[in-house]
Participant: 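Take a look at this one; I'll ask things after.
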Amino acid sequence: MKQRVSALLGEKFGREVVLEKPRDRSFGHFATPIAFSLAKELRKSPMIIAEELASSFDNHEYFSSVESVKGYLNFRLSENFLSEYADWALENSQQFGKQEKNTKILLEFVSANPTGPLHIGHARGAVYGDTLLRLGRHLGYDITAEYYINDAGNQIDLLGLSIQLEGRANILNEDVTYPESYYRGEYLRELSIKAVEKFGKEILSDVSRQKELALWAKDGVMEIIISSLADLNIHFDTFVNESSLYGDWDRVMQKMGEGVYESEGKMWIASEIKGDEKDRVVVREDKRPTYLAGDIVYHNQKFERGYDHYINIWGADHHGYIPRVNAAVEFLGYDSKKLETLLSQMVSLLKDGEPYKMSKRAGNVILMSDIVEEIGSDALRYIFASKKSDTALEFDISEFKKQDSSNPIFYIQYAHARIKTILSKSDISEEEILKSPLKNLGENADVLLFDALLLPEIIEDAFNSRQVQKLPDYLKALAASLHKFYYDCRIIGTEDEVKLLKLLMVVALSLKTGLLLLGIEAKDSMSREEEV
RNA sequence: GCGCUCGUAGCUCAGCUGGAUAGAGCACUGGUUUGCGGUACCAGCGGUCACAUGUUCGAAUCAUGUCGGGCGCACCA
């Protein structure tokens, strides 16, 4: 809708036209301050330019009016335009807001270490990534969702050690002295029990078998991770194991050419000349590769797989890591502009205004699965999708347990359910509703229709700017419009029943489509008894 | 110390490719249709957009500086 108007104006004025939403709806559907920017070139006052421009739109099929107000140019779309667009949307409900794009994107997110269950910080990155994935796919991008499994390096050894400690303490009943760093949490007990079943008790005491134990255990941990992601409606297309990459190391190092060099018995990447603070070690003196080495091979592999664009979603504490990976990509002969790294920031949880207690049982972290159990997947997804991902966030989960308008997710779903209820109560058939033209609706209904039809540009804007919170914001506003309309205007039994029902169908379509893109179920009815 | 980032209503946050009177929810106060789900709606209260300077017809938005918070500054991942 906006694209069409924008294209029309761009053509007419021979320049890019900024279209914005007027603050007050009485100003019209779209507005542009173009007269201000033209004022300088034309050496005329913005008011006069706006007047002239406005009058040049007389009787245009798209607009019922074009007015100039204080130098702004305000457009009001015609009923014909809106009605035809609504018809199209209802007829192609599966396609509403969809596009075709010939771009292949590799989206890597979560990629949490396979050493323990996901915690609340991981959940944010997971929701953010999955929401982007859904938005992008809806817009027609061919996106692959990938999880990178760090199954090499110290943390894997630590996993083996931690299972042994747990098993020795609880199965062999030994007095165990705990080292400074090891993993803790309930999942280790289960893993140690299963390990004994599979390998026998000896594996708990044999230090030389730590690695064997860990490599077996990480698959179990990945199962836990994958299943808790599935609870959030998040699924990955591909998994890449870090351990599988090192066979390629020599070839990749060759490919880096002068990007790597040897010094002090170690291999370094010359990342400083590519804008990093300093050069970094990639292979230690004892020949063990560093974490960066794995990432270099991994990114090489990504680029060799031939995507048009790459997106990584990382925890914000890794932001210092971006320059060195970009440097490696450049040395490998690829365009680092194709690699986009987005950050997901810390989360602090409150419950009833108090800091949420970390669970000892879980090893002093807040488990994602605990929160999902407490407030549900829909609410958790909504919370993370509704805030900018790259700023720190604090939220109180008690707010999302309420069953009233203070809980936005409830509020939106209730709007959808209200529409479904009305539609089911009316005697008019769906066919009849669809045939009826959306004309002479009156001002309130007209506003609602326009709001509902705005969804496609919201989706596009949210994805392109990577600011997924624009979608939940929109849905909340649309739900508010609906509730207000519902309150003001009776529908069943009125003369306008047919077309008002059609209007509501358009609203429901946008709500449902929008919720789906957030990975949230659009309910057809709300039950009062239901307590999350 | 250096780098990144944030500072908007009592609280949690939107708004930031410069544009019309700075928004929402919560909290607080007061109201609502002889009606389709009141699980809703309306109104009020509440702001020096951290501070300063600059650029501009126009700055919450851009630039510079100051103050304050967070994160990073590994041959850990």
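What you see is a predicted model, and the numbers here were worked out from it, not measured in a lab. Just so you know, these numbers use all the heavy atoms, side chains as well, and skip hydrogens, waters and symmetry mates. Every chain is numbered from 1 and lettered A, B, ... according to where its sequence line falls, protein lines coming before strand lines.
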Participant: Mind checking what makes ring-ring contact (aromatic ring centres under 6.0 Å, His included) contact with F331(A), not counting sequence neighbours?
Facilitator: none
Participant: Between A20(B) atom P and F36(A) atom CZ, what is the distance in whole Å?
Facilitator: 9 Å
Participant: Using modelled atom types only, decide if a donor and an acceptor are shared between the side chain of H416(A) and the backbone of L511(A) within a distance under 3.5 Å.
Facilitator: no
Participant: Please identify each residue that fulfils side-chain contact (heavy atoms from CB on, under 4.5 Å) with Y261(A), with sequence neighbours left out.
Facilitator: S263(A), W268(A), A270(A), D279(A)
Participant: Tell me every residue that passes ring-ring contact (aromatic ring centres under 6.0 Å, His included) with Y291(A), counting only those two or more places apart in sequence or in another chain.
Facilitator: Y321(A)
Participant: Classify the side chain of N74(A) versus the base of A20(B) as yes if they form a donor-acceptor pair under 3.5 Å and no if they do not.
Facilitator: yes
Participant: Could you check how far CD of Q467(A) sits from P of C16(B), rounded to whole Å?
Facilitator: 8 Å
Participant: Rounded to whole angstrom units, what separation is found between the CG atom of D461(A) and the P atom of G15(B)?
Facilitator: 10 Å
Participant: I428(A) has an atom CD1; how far is it from atom C1' of C36(B), in whole Å?
Facilitator: 13 Å
Participant: Dump the pairs, protein N or O against N or O of nucleotides 1-7 of chain B, anything under 3.5 Å, distances to one decimal.
Facilitator:
residue, atom, partner, partner atom, Å
G3(B), N2, H319(A), NE2, 2.8

Participant: Please check the phosphate of C41(B) (OP1 and OP2 only) for any side-chain N or O of Y411(A) closer than 4.0 Å.
Facilitator: yes
Participant: Specify the separation, in whole Å, of atom CG of D317(A) and atom P of A77(B).
Facilitator: 15 Å
Participant: Excluding sequence neighbours, so at least two apart, what forms side-chain contact (heavy atoms from CB on, under 4.5 Å) with A217(A)?
Facilitator: L159(A), I163(A), L191(A)
Participant: Partners of E460(A) by side-chain contact (heavy atoms from CB on, under 4.5 Å), sequence neighbours excluded?
Facilitator: Q3(A), Q99(A), K101(A), L139(A), N464(A)
Participant: Both atom distances under 3.5 Å, Watson-Crick or G-U wobble: I'd like the secondary structure of RNA chain B as a dot-bracket string, with | for pairs made across strands.
Facilitator: (((((((..((((.....[...)))).(((((.......))))).....(((((..]....))))))))))))....
Participant: Are more than 12 heavy atoms from other residues, nucleotides or ligands located less than 6.0 Å from atom CD of E430(A)?
Facilitator: no
Participant: What is the distance from CD of E272(A) to C1' of C73(B), rounded to the nearest Å?
Facilitator: 14 Å
Participant: Of all residues at least two apart in sequence or in a different chain, which pass the side-chain contact (heavy atoms from CB on, under 4.5 Å) check with S436(A)?
Facilitator: V498(A), K499(A)
Participant: Would the F395(A) and F384(A) ring centres measure less than 6.0 Å apart?
Facilitator: yes
Participant: Could you list the residues that satisfy ring-ring contact (aromatic ring centres under 6.0 Å, His included) with F57(A), not counting sequence neighbours?
Facilitator: F63(A), F75(A)
Participant: Tell me, which of residues 413-421 of chain A have any heavy atom that sits under 4.0 Å from an atom in RNA chain B?
Facilitator: Y414(A), R418(A), T421(A)
Participant: Taking only residues two or more places apart in sequence, or in another chain, which ones meet Y382(A) in a ring-ring contact (aromatic ring centres under 6.0 Å, His included)?
Facilitator: none
Participant: Just to be sure I understand the rule, does I322(A) reach a base, reach only the sugar-phosphate, or reach nothing, if contact means heavy atoms closer than 4.0 Å?
Facilitator: nothing
Participant: Please tabulate the protein-to-nucleotide N/O contacts below 3.5 Å involving nucleotides 21-27 of chain B, giving atom names and distances.
Facilitator:
none

Participant: Which sits closer to the 5' end of RNA chain B, A31(A) or A479(A), going by the nucleotide each is nearest to?
Facilitator: A31(A)
